[in-house]
Amino acid sequence: MSVSGIILAAVVVGGTGLVISVLLGIASEKFKVPIDEKEVAVRECLPGNNCGGCGYAGCDSLAKAIAAGEAPVGACPVGGPDAAAKIGAIMGVDAGASEKKVAFVKCAGTCEKAKTQYEYYGNEDCISAISVPGGGPKACSFGCTGFGSCVKVCDFDAIHIVNGIAQVDKEKCVACGKCVATCPKSLIELVPYSAPHKVQCNSKEFGKAVKEVCSAGCIGCKMCTKVCEEGAITVENNVAKIDYSKCTGCGKCAEKCPAKIIL
């Protein structure tokens, strides 16, 4: 190739590159998306776990929703009150007082207390186990199957299987809600960190049927409701339920419970 040919090729390539650069520069200015400074500031206050406990796809989505006024400043369960206060300052609103919540497993059916109806051989997974007859090997169809689907989804090492049932480490739990959403028997709920009493049963059966399969089940006797002066505990579908907005922590319900399943 001649020298003039090389020079011509270089000029063409260089010119083409220059034109493309100019066009890209114009396009970037014309189509650039404005940056919301509040959104950026809010995102910096979020922990970055992207756990989805807030109900959004991740921290970026939550930050955008908060900046747009579509989500409360305290929506992040992992960040807790500290993050809420910082975000509230950015958004110019009062974060308000919010109590930390933790997950709680409504089952006391350990290996010693809950009877088994057969030996289970299959996937070590609660969701798989409930598809077999009886909803799993435990005789109580409402009880924890103990195969740890909740453990697998917890990003904070806050829940483990101990003696056949799931137990939560409240110091590690951030109330992201993943275990709540995963449990196929709806045995896990979020309760106040300081909740003085909790009902460790979720069986909807009548008393006799409960005791036939588990020695630790609620029999729905309503003794707890009769001694509660605040009306904080009721029996719904044969199982006791506590209204924490009314509970004063007097302990009378726990003392009176014949099954001793109110912690």
Side-chain angles (χ1 to χ4, degrees), residues 101-221 224 237-242 251 253-263:
K101 289 191 174 184
V102 294
F104 171 68
V105 182
K106 298 179 289 183
C107 181
T110 59
C111 297
E112 295 81 15
K113 296 177 180 179
K115 296 179 180 179
T116 55
Q117 51 189 343
Y118 53 76
E119 289 295 325
Y120 172 79
Y121 298 96
N123 293 331
E124 295 291 309
D125 179 80
C126 303
I127 298 172
S128 298
I130 66 165
S131 64
V132 301
K138 283 188 178 179
C140 176
S141 60
F142 296 93
C144 176
T145 58
F147 290 123
S149 291
C150 52
V151 176
K152 297 171 186 175
V153 299
C154 181
D155 297 323
F156 305 94
D157 191 38
I159 188 165
H160 300 92
I161 302 300
V162 179
N163 199 13
I165 60 172
Q167 291 188 10
V168 177
D169 182 339
K170 61 187 294 185
E171 301 305 325
K172 292 182 178 181
C173 180
V174 299
C176 70
K178 278 190 174 182
C179 59
V180 177
T182 299
C183 178
K185 293 189 176 182
S186 300
L187 277 172
I188 308 175
E189 66 178 0
L190 298 180
V191 301
Y193 176 87
S194 61
H197 299 94
K198 298 178 281 289
V199 180
Q200 203 171 12
C201 183
N202 196 47
S203 176
K204 307 298 189 298
E205 298 286 0
F206 290 101
K208 182 181 179 181
V210 172
K211 287 305 180 182
E212 286 177 348
V213 297
C214 182
S215 62
C218 175
I219 58 177
C221 65
C224 53
N237 295 320
N238 300 316
V239 64
K241 183 178 179 63
I242 297 175
C253 59
E255 293 174 5
K256 200 68 176 178
C257 176
K260 301 303 177 186
I261 50 86
I262 301 179
L263 300 179

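Just so it is clear, the structure is predicted and the values come from calculations on it, not from any experiment.
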Colleague: Is there a donor-acceptor contact under 3.5 Å from the side chain of Tyr118 to the main chain of Ala139?
Modeller: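 No.
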Colleague: Could you tell me which non-hydrogen atom of Cys201 sits nearest to which non-hydrogen atom of Val239, and how far apart they are?
Modeller: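 Smallest interatomic distance, heavy atoms only, reads O-CG2, 3.4 Å.
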Colleague: If you take all heavy atoms of Cys183 and Leu187, which pair is closest and at what distance?
Modeller: SG-N, 3.3 Å
Colleague: Just grab all the ring-ring contact (aromatic ring centres under 6.0 Å, His included) pairs involving residues 182-212, residues at least two apart or on different chains.
Modeller: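 Non-adjacent pairs meeting ring-ring contact (aromatic ring centres under 6.0 Å, His included): zero.
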Colleague: Show me the pairs that pass ring-ring contact (aromatic ring centres under 6.0 Å, His included) and involve residues 132-170, at least two apart or across chains.
Modeller: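 Checked against ring-ring contact (aromatic ring centres under 6.0 Å, His included) - neighbours excluded - the pairs reaching residues 132-170 are Tyr120-Phe147.
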Colleague: List the steps and the verdict of side-chain contact (heavy atoms from CB on, under 4.5 Å) for Val191 and Val102.
Modeller: CA-CA 6 Å; Val191 301; Val102 294; 4.2 Å; yes
Colleague: side-chain hydrogen bond (donor to acceptor under 3.5 Å, both in side chains): which pairs involve residues 146-156, sequence neighbours left out?
Modeller: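 Counting only pairs at least two positions apart or across chains, the side-chain hydrogen bond (donor to acceptor under 3.5 Å, both in side chains) contacts touching residues 146-156 are Asp125-Ser149, Asp155-Lys178.
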Colleague: In a table with atom names and distances, give each donor-acceptor pair under 3.5 Å that connects a side chain of residues 103-113 to protein atoms at least two apart or in another chain.
Modeller:
unit_1: Thr110; atom_1: OG1; unit_2: Glu112; atom_2: OE1; d: 3.3
unit_1: Glu112; atom_1: OE1; unit_2: Asn163; atom_2: ND2; d: 2.6

Colleague: Could you tell me the separation between the OG1 atom of Thr145 and the CD1 atom of Ile127, rounded to the nearest 0.5 Å?
Modeller: 9.5 Å
Colleague: Determine whether more than 12 heavy atoms belonging to other residues, nucleotides or ligands lie under 6.0 Å from atom NZ of Lys170.
Modeller: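 It does: Lys170 NZ has more than 12 such atoms within range.
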Colleague: In Å and rounded to the nearest 0.5 Å, what is the OG to CD1 distance from Ser215 to Ile261?
Modeller: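 That separation rounds to 12.0 Å.
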Colleague: Checking Glu255 now: which residues fulfil side chain to side chain contact (heavy atoms under 4.5 Å, CB included) with it, not counting sequence neighbours?
Modeller: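 Not a single residue meets the side chain to side chain contact (heavy atoms under 4.5 Å, CB included) criterion with Glu255.
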Colleague: Of all residues at least two apart in sequence or in a different chain, which pass the side chain to side chain contact (heavy atoms under 4.5 Å, CB included) check with Lys172?
Modeller: Asp157, Ala158, Asp169
Colleague: Applying salt bridge (charged side-chain N to carboxylate O under 4.0 Å, His left out) as the test, list every pair that has at least one member in residues 128-143; sequence neighbours left out.
Modeller: none
Colleague: Which pair of heavy atoms, one from Gly217 and one from Val210, lies closest together, and at what distance?
Modeller: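 Closest approach of Gly217 to Val210, heavy atoms only: CA-CG1, 3.5 Å.
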Colleague: Considering non-hydrogen atoms only, spot the tightest contact between Cys224 and Cys253 and give its length.
Modeller: CB-CB, 3.8 Å
Colleague: Are Ser203 and Cys214 packed together at the side-chain level, in the sense that at least one heavy-atom pair is separated by less than 4.5 angstrom?
Modeller: no
Colleague: Quick one: closest heavy-atom pair of Pro184 and Ile130, and the distance?
Modeller: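 Closest approach of Pro184 to Ile130: CB-CD1, 3.3 Å.
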Colleague: With a 3.5 Å distance limit and no angle check, can you tell me whether Lys185 reaches the backbone of Gly143 through a side-chain donor-acceptor pair?
Modeller: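 Present.
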Colleague: With salt bridge (charged side-chain N to carboxylate O under 4.0 Å, His left out) as the rule and sequence neighbours excluded, what pairs involving residues 191-216 come up?
Modeller: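 Passing the test, one end in residues 191-216: no pairs.
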Colleague: According to side chain to side chain contact (heavy atoms under 4.5 Å, CB included), who are the partners of Cys150, at least two apart in sequence or on a separate chain?
Modeller: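 Cys150 satisfies side chain to side chain contact (heavy atoms under 4.5 Å, CB included) with Ile159, Ala166, Cys179, Ile188 once adjacent residues are dropped.
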Colleague: Using side chain to side chain contact (heavy atoms under 4.5 Å, CB included) as the criterion, list what pairs up with Pro192, not counting sequence neighbours.
Modeller: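 So Pro192 forms a side chain to side chain contact (heavy atoms under 4.5 Å, CB included) with Glu99, Ala195, Tyr244.
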Colleague: Rounded to the nearest 0.5 Å, how far does OG of Ser194 lie from NZ of Lys101?
Modeller: 11.0 Å
Colleague: Taking all non-hydrogen atoms of both residues into account, name the closest pair between Cys126 and Gly148 and its distance.
Modeller: SG-N, 3.5 Å
